Amino acid sequence: MKLQLALDLVTIPEGIELVKEVEAYIDIVEIGTPVVINEGLRAVKEMKEAFPNLNVLADLKIMDAGGYEVMKASEAGADIITVLGVADDSTIRGAVEEAKKQGNEIMVDMINVKDIEARAKEIDALGVDYICVHSGYDHQAEGKNSFADLSAIKRVVKHAKTAIAGGIKLDTLPEVIQANPDLVIVGGGITGQQDKKSTASTMQQLVKQGR
Ligand SMILES: O=C([C@H](O)CO)[C@H](O)[C@H](O)COP(=O)(O)O
């Protein structure tokens, strides 16, 4: 099981400073959608240059032009790129094809997918690398989480790795780990803490106890 840090509400220099603090405790650093909107793919490039040994995920949440957008993110240095589960199969196929060419990985974000189990089964057959259940900021504001969705995809996904994101904090991490995802994604649960280093370190220890 691995830990991904999501950077959403920071500038590039703030993100780099933050990763310096917790680099030893994370496996993947995510350039969040708001950062890509504010700063462009330059944020991916600068993060990869600053931390060549970390995997960098570009959270583009691709909805169309899968192949083209994966190509641009790959040029910027992304190792993993996100595509939406609600996108058309042709978009996901294009993204997978391009990522394979570039030696990168595709994560499908299941945010707002209504029939999680059925769609996860279809997406798994498209050859993606990760399927991620996700309660976004707006769902979190309504008190929702994705813990049940994680169990649902674990029942049907046979090939892809599974991931979970959305409002995960130190106190809810043990429940997440029990469901045994391959990857846990944490944003505010680390970036919003006073002591980011010790929070990330404790989270890493818990995640490592999972498989
Ligand atoms: O993808 C995300 C969200 O849609 C905003 O871009 C976040 O990276 C994801 O939710 C993880 O962040 P936290 O919810 O703060 O843990």
Side-chain angles (χ1 to χ4, degrees), residues 1-12 14-16 18-19 21-22 25-41 43-44 47 54-63 69 73 78-87 95 105-113 116 123 128-150 153 161-177 179 181-197 199-204 206-207:
M1 196 180 298
K2 289 186 173 175
L3 180 62
Q4 174 173 315
L5 170 71
L7 297 173
D8 285 293
L9 305 173
V10 292
T11 60
I12 298 173
E14 285 165 352
I16 288 176
L18 219 150
V19 175
E21 264 189 81
V22 301
Y25 311 112
I26 60 171
D27 301 289
I28 302 171
V29 58
E30 167 188 331
I31 303 300
T33 318
V35 177
V36 177
I37 287 170
N38 292 334
E39 314 259 15
L41 285 170
V44 172
M47 190 59 72
L54 271 185
N55 280 312
V56 175
L57 177 141
D59 191 18
L60 301 193
K61 295 189 174 76
I62 294 172
M63 185 61 186
E69 294 188 1
D79 301 289
I80 310 170
I81 301 109
T82 63
V83 180
L84 291 177
V86 293
E105 294 190 306
I106 293 299
M107 176 183 291
V108 171
D109 184 336
M110 301 295 276
I111 190 168
N112 240 20
V113 167
I116 285 272
I123 289 169
V128 307
D129 300 282
Y130 290 90
I131 298 180
C132 178
V133 292
H134 182 197
S135 293
Y137 285 3
D138 297 338
H139 279 168
Q140 289 176 43
E142 291 169 352
K144 295 180 185 160
N145 68 47
S146 292
F147 301 169
D149 288 343
L150 177 59
I153 65 163
K161 291 169 268 193
T162 57
I164 178 165
I168 298 166
K169 305 277 187 289
L170 201 45
D171 61 337
T172 49
L173 186 57
E175 188 182 345
V176 168
I177 288 171
D182 296 293
L183 177 66
V184 180
I185 301 170
V186 181
I190 293 174
T191 61
Q193 301 308 305
Q194 193 69 29
D195 191 343
K196 300 172 190 33
K197 196 170 180 168
T199 307
S201 161
T202 310
M203 284 189 162
Q204 185 201 43
L206 289 170
V207 160

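This one's a predicted model, so the numbers in the text were calculated from it and none came from an experiment. Index from 1, following the sequence. Just follow the structure's listing: the first ligand is 1, and inside any ligand the first atom is 1.
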Could you give me the CA-CA distance, side-chain angles and deciding distance for V186 and T199, then say whether side-chain contact (heavy atoms from CB on, under 4.5 Å) is met? CA-CA 11 Å; V186 181; T199 307; over 6 Å; no

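For the pair K61 and D59, the salt-bridge criterion is met [side-chain N within less than 4.0 Å of a carboxylate O].
With hydrogens and angles ignored, the 3.5 Å screen pairs a side-chain donor or acceptor of D27 with a backbone N or O of L3. At distances below 3.5 Å, at least one donor-acceptor pair connects side-chain atoms of E39 with backbone N or O atoms of I12.
Contact annotation: the side chain of L54 approaches that of I26 to within less than 4.5 Å [non-hydrogen atoms, C-beta and beyond].
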Pairs under 3.5 Å, nitrogen or oxygen of ligand 1 with protein nitrogen or oxygen:
from, atom 1, to, atom 2, distance (Å)
ligand 1, 1 (O), D59, OD2, 3.2
ligand 1, 1 (O), K61, NZ, 3.1
ligand 1, 4 (O), K61, NZ, 3.0
ligand 1, 6 (O), D8, OD1, 3.0
ligand 1, 8 (O), D8, OD1, 3.4
ligand 1, 8 (O), D8, OD2, 2.7
ligand 1, 8 (O), E30, OE2, 3.0
ligand 1, 10 (O), H134, NE2, 2.8
ligand 1, 14 (O), Q140, NE2, 2.8
ligand 1, 14 (O), G167, N, 2.8
ligand 1, 15 (O), G188, N, 2.9
ligand 1, 16 (O), G167, N, 3.4
ligand 1, 16 (O), G187, N, 2.9

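Note: L5 CG to K196 NZ = 10.5 Å, rounded to the nearest 0.5 Å.
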